[in-house]
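Taking it in order: structure first as structure tokens, then the write-up.
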Amino acid sequence: MRVLFATSEAYPLIKTGGLADVSGALPKAISQLPNFSGDIKILLPAYSAVLAKLQSIHVIANISVLGQACTLIAGKMPDSDMTVIAIKNAELFERTGGPYSDENGVDWPDNPLRFGVLSRVASLLCSTSTPIKDWLPDLIHCNDWQTGLTPAYMKLLDNSQTKSIFSIHNIAFQGCFDANWIEQLDLPAAHFQMNGFEYFKQLSFLKAGLFYADQLCTVSPTYAQEIQTTQFGFGLEGLLQTRTADLTGIVNGIDAQEWNPATDVHLPKHYSNARITGKHTVKHALQQQLGLTIDANSPLLGVVSRLTHQKGLDLLPDIMPKLVEAGCQFAILGSGEKKLEASFNALAERYPEQISMNTGYHEHLSHNIMAGSDLFIMPSRFEPCGLNQLYGLAYGTPPVVTATGGLADSVCDTTDLSLKNNIATGFVVKSVTSASLLVTIRHAITVWQDKKTWRKIQKNGMTRDISWASSANAYLDCYKKAIERELA
Ligand code: ADP
Ligand code: GLC
């Protein structure tokens, strides 16, 4: 089986969030399955960071798509044997700033063209006009809106015989642009309609993916249900209801090469469920590094997140003074909404020895917060899957979550019954309000003080299998289903 995995980010080459973690880990995990015989290649834009990190680069073709001259280069991931095909066009992709926006967080105005090129190349590689002559994929796995036009190009322009799967990592990001882009993106105007890529008079990359792909996936079973409702579907619930038979929800896993407290290169001390004491050393070092009072008896609450409405962290500032007065500390790492960054900064100024606020993107600090904290706070309003709560489970840092999407599918609330059944792994907030979050955190801290019960909860999370293996198997089943369905 030949699979092309198209994505706009993949760890360790380039990362803004969980999509990169998944794109870095899932293709690797599938290729390592004993029942997979075949070959997966990742396709992504050659941003400067990608060019700097990709190993053994060589040119495979020079092509022109959507009027843009591109060089396709192949290389290897720095940490594995995975082949990556990168689309090099300096003007489009080698810019200072992020993959989607400039240094001030403003979206690149030509994003439709940039990700139109990604989608167009992906489709081309799945057609008989592919420049890679000896490698025509049986299946393409597209991810999020940036690759959404791929299935449309495959059906409408390339008459591709390759099967397509489109994965929704976050339905809130829809890639909607002015209809004027249609011509430059070589899209047939006749399909700018409800049964096509039109969405409320705009061109939607995401809708194109959902409409034209053969199969759809999303990153948890609960989110697969939720996005078919008005509350969570962001206007696409109707379309998804018509495709319910083609939609599968599979929870993400974690890459144990990157996220394992027993081997994590970022930690000052390693630990595991069997030897948990190292976790106390990490907490001590984290408190020291962040200028917090060094105190093993002070519950340390960790946050690592994009600061957006989705993540529900705006519920936190109101209740932080109460929690600090009750003896808690906070280690926060996050960037996004400036107002929320300012609230956390103001609180950190008011309580410098109890609250540490860190902005920017810091891989090293994120691992140390995950390992050094006692509780991980993640009260999302919606969460397609979420990786941080999974890291929390693996690192003996029970998560406090809301019951939505992948959080509902991966965290089991601590109750007398779940404790008795050895399945309690975290704490579930009853409603998305500051008051409810406060009640749940207070409850968690009471349980934390009972060290024997706490160890049980940590053990339940740390010994759960949250590696990619079983999810990779579920994706492989989807791949097979997509390919075989057509043959049947
Ligand atoms: P999302 O993709 O919606 O942001 P996930 O929980 O799936 O949420 O994944 C977030 C990923 O990004 C995790 O690997 C997390 O550690 C990482 N992350 C988020 N913010 C930062 C940050 N400021 N610095 C470092 N890593 C971050
Ligand atoms: C998105 C979602 C997050 C998910 C990630 C990877 O960024 O917001 O919940 O874990 O994609 O699938």
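Treat the numbers as computed from the prediction; the structure is a model and nothing was measured. Both counts, for ligands and for their atoms, begin at 1 and track the order of listing.
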Taking only Lys NZ, Arg NE, NH1 and NH2, and the carboxylate oxygens of Asp or Glu, determine whether Asp264 and Lys269 approach each other closer than 4.0 Å. no

Do Asn170 and Gln310 pair up side chain to side chain, a donor and an acceptor below 3.5 Å, judged on atom types alone? yes

Below 4.0 Å from any atom of ligand 1, is there a heavy atom belonging to Met370? no

d(Asn260 CG, Ser467 OG) to nearest 0.5 Å is 11.0 Å

Under 4.0 Å between a side-chain nitrogen and a carboxylate oxygen: does that hold for Asp246 and Arg243? yes

Which atoms of ligand 1 sit under 4.0 Å from any heavy atom of Gly386? 6 (O), 7 (O)

Ligand 1 atoms in contact with Ser305 (distance to a heavy atom under 4.0 Å): 20 (N)

So, applying ring-ring contact (aromatic ring centres under 6.0 Å, His included) with Phe205, which one of Phe197, Phe115, Phe177 is it? Phe177

Note the single closest protein heavy atom to atom 14 (O) of ligand 1, along with its residue, its atom name and the distance in Å. Asp21 OD2, 2.6 Å

Look at atom 12 (O) of ligand 2 and say which protein heavy atom is nearest, naming residue and atom and giving the distance to 0.1 Å. His169 ND1, 2.7 Å

Go through the steps for Arg114 and Asp107 under the test salt bridge (charged side-chain N to carboxylate O under 4.0 Å, His left out), then give the verdict. CA-CA 12 Å; Arg114 299 171 74 239; Asp107 282 352; over 6 Å; no

Nearest heavy atom to atom 8 (O) of ligand 1, choosing from Gln389, Lys311, Glu383, Arg306, belongs to Lys311

Any atom of ligand 1 sitting under 4.0 Å from a heavy atom of Cys385? no

Atom 24 (N) of ligand 1 has as its nearest protein heavy atom His362 N, 3.1 Å

For Asn252, the ligand 2 atoms with a heavy-atom partner under 4.0 Å come out as 6 (C), 10 (O), 12 (O)

Would you say the side chains of Gln329 and Thr293 form a donor-acceptor pair under 3.5 Å? no

Proximal atoms of ligand 2 relative to Asn170 (non-hydrogen, under 4.0 Å): 8 (O)

Tyr395 side chain to Ser373 side chain, donor-acceptor N/O pair below 3.5 angstrom: no

Are any of the N/O atoms on Glu363, whether in the backbone or the side chain, positioned under 3.5 angstrom from an N/O atom of ligand 1? no

Considering the heavy atoms of Leu387, write down every atom of ligand 1 situated less than 4.0 Å from one of them. 5 (P), 6 (O), 7 (O)

One finds that the ligand 2 atoms under 4.0 Å from a non-hydrogen atom of Val219 are 12 (O)

Show me which atoms of ligand 2 lie under 4.0 Å from any heavy atom of Gly18. 5 (C), 6 (C)

Would you kindly specify which portion of Ala20 sits under 4.0 Å from ligand 1, judged on non-hydrogen atoms: side chain, backbone, both or neither? neither

For side chain to side chain contact (heavy atoms under 4.5 Å, CB included), just list the numbers for Val84 and Met77, CA-CA rounded to whole Å, side-chain angles, deciding distance to a tenth of an Å, and then say yes or no. CA-CA 7 Å; Val84 175; Met77 276 289 193; 3.9 Å; yes

Counting only heavy atoms, tell me which of Glu383, Glu9, Arg306 gets closest to atom 3 (C) of ligand 2. Glu383

Would you say the side chains of Thr263 and His270 form a donor-acceptor pair under 3.5 Å? no

Heavy-atom contact under 4.0 Å between Tyr391 and ligand 1? yes

Does Gly360 reach ligand 1 with a nitrogen or oxygen that is under 3.5 Å from one of the ligand's nitrogen or oxygen atoms? yes

Just heavy atoms, cut-off under 4.0 Å: does Lys15 contact ligand 1 by side chain, backbone, both, or neither? side chain

Relative to the heavy atoms of Val22, which atoms of ligand 2 are at a distance of less than 4.0 Å? 6 (C), 12 (O)

On a heavy-atom basis, I'd like to know which of Asn388, Leu390, Ile369, Thr16 is closest to atom 15 (C) of ligand 1. Asn388

shortest atom 8 (O) of ligand 2-to-protein heavy-atom contact is with Gln310 NE2, 3.1 Å

Non-hydrogen side-chain atoms of Leu390 and Ser410 separated by less than 4.5 Å: yes

N/O separation below 3.5 Å, Gly334 to ligand 1: no

Are Tyr391 and Trp259 near enough that their ring centres are under 6.0 Å apart? yes

Considering only heavy atoms of Gly386, which atoms of ligand 2 have at least one such atom less than 4.0 Å away? 3 (C), 4 (C), 9 (O), 10 (O)

Polar contacts were defined as any N/O atom of the residue lying under 3.5 Å from an N/O atom of the ligand; does this apply to Gly18 and ligand 1? yes

Mind running side chain to side chain contact (heavy atoms under 4.5 Å, CB included) on Leu210 and Leu216 for me, showing each step along the way? CA-CA 7 Å; Leu210 300 183; Leu216 304 176; 4.1 Å; yes

Is it true that Asp138 and Lys163 have a side-chain N and a carboxylate O under 4.0 angstrom from each other? no

With rounding to the nearest 0.5 angstrom, report the CG to OG distance, Asn111 to Ser101. 8.0 Å

Among protein heavy atoms, which sits nearest to atom 26 (N) of ligand 1, and what does the distance come to when rounded to 0.1 Å? Tyr361 CE1, 3.2 Å

Nearest non-hydrogen protein atom to atom 18 (N) of ligand 1, with distance, is Val304 CG1, 3.9 Å

Do Asp81 and Lys28 meet the salt-bridge criterion of a basic N to acidic O distance under 4.0 Å? no

